[in-house]
Amino acid sequence: SQKIEQNSEALNIQEGKTATLTCNYTNYSPAYLQWYRQDPGRGPVFLLLIRENEKEKRKERLKVTFDTTLKQSLFHITASQPADSATYLCALAGAGNMLTFGGGTRLMVKP
Amino acid sequence: GAVVSQHPSWVICKSGTSVKIECRSLDFQATTMFWYRQFPKQSLMLMATSNEGSKATYEQGVEKDKFLINHASLTLSTLTVTSAHPEDSSFYICSARDRKLAEGEQFFGPGTRLTVL
């Protein structure tokens, strides 16, 4: 069966460090993959989209990699700030551009 | 960026009553809107895909007669939870895709917290 796995344990890092979050998937061949940020009690906010033929995508302090051989995407936040604390969701696009979400990883950046 | 609104943001109702949640795309036209449900500390689970002018497509395990979806215009979709029960208490989130884009991001609403007593 199709599965998307994100580390369910919270990631705690110190301000200024680089946060790296992992998204692994099985039995999928997504056309593209997206990363979203979700704050408590709020809807997700789109961050980045990376297509299957792209290895890396950057936006300001964010970087996403996509390895279709390993079936893995890594999401990096450089020079992390306490304001980056949130839950980060990866989502894979399937047929009809429908998204399937991973369970999310909660990031806590300590000052 | 594109904005999606939801109304109400929260609602408390008695068991057995029906609740309607509205999802609006404010500055773009959305041919397709999606309805998700999220339980505490869990991820978003797609309930149904709503296409303007046609019947919604429901995911496996989602009762179409309980969760009525109407997508009457390119900017409005509604989800009605009929005969709500406490187990329907959840965070309901809609999203919309801009009809001008072939693929890409979904714009999410702020969510509606439903509590059924």
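Residue numbering restarts at 1 for every chain, and letters A, B, ... go by the order of the sequence lines. Computed from heavy atoms alone, side chains included, the values below leave out hydrogens, waters and symmetry copies.
At most 12 non-hydrogen atoms from other residues, nucleotides or ligands lie less than 6.0 angstrom from CZ of A:Arg42. Other residues, nucleotides and ligands place more than 12 heavy atoms under 6.0 Å from the CZ atom of B:Arg37. A:Glu9 CD: 12 or fewer foreign heavy atoms inside a 6.0 Å radius. Crowding of B:Glu87 atom CD: a count of heavy atoms from other residues, nucleotides or ligands under 6.0 Å exceeding 12.
Under the 4.5 Å side-chain heavy-atom criterion for ILVMFWY residues, no single connected hydrophobic cluster contains both B:Val62 and B:Leu68. In the hydrophobic clustering of ILVMFWY residues, with side-chain heavy atoms under 4.5 Å counting as a link, B:Met45 and B:Ile93 come out apart. In the hydrophobic cluster analysis, where Ile, Leu, Val, Met, Phe, Trp and Tyr join through side-chain heavy atoms closer than 4.5 angstrom, B:Met47 is grouped together with B:Ile69.
The contact between B:Leu44 and chain A is made by backbone and side chain atoms together, counting heavy-atom distances below 4.5 Å. For B:Gln38, the part lying near chain A is the side chain, with the backbone staying farther off; criterion is any non-hydrogen pair under 4.5 Å.
Summarising the geometry, atom CG belonging to A:Leu99 is positioned 6.0 Å from atom CZ belonging to B:Phe108; distances are rounded to the nearest 0.5 Å. Note that CD1 of A:Ile4 is 8.0 Å distant from OG of B:Ser43, once rounded to the nearest 0.5 Å. Remark: A:Thr100 OG1 to B:Leu46 CG distance equals 7.0 Å, nearest 0.5 Å. Between the CE atom of A:Met98 and the CZ atom of B:Arg97 there is a distance of 11.0 Å, given to the nearest 0.5 Å.
Counting heavy-atom pairs closer than 4.5 Å to chain B, the top-ranked of the candidates A:Ala93, A:Gly104, A:Gly103, A:Pro44 is A:Pro44.
A pairwise comparison of heavy atoms in B:Phe91 and A:Gln38 identifies CE2-NE2, 4.3 Å as the closest pair. The two atoms that bring B:Gln106 and A:Tyr36 nearest to each other are N-OH, 3.1 Å, heavy atoms only.
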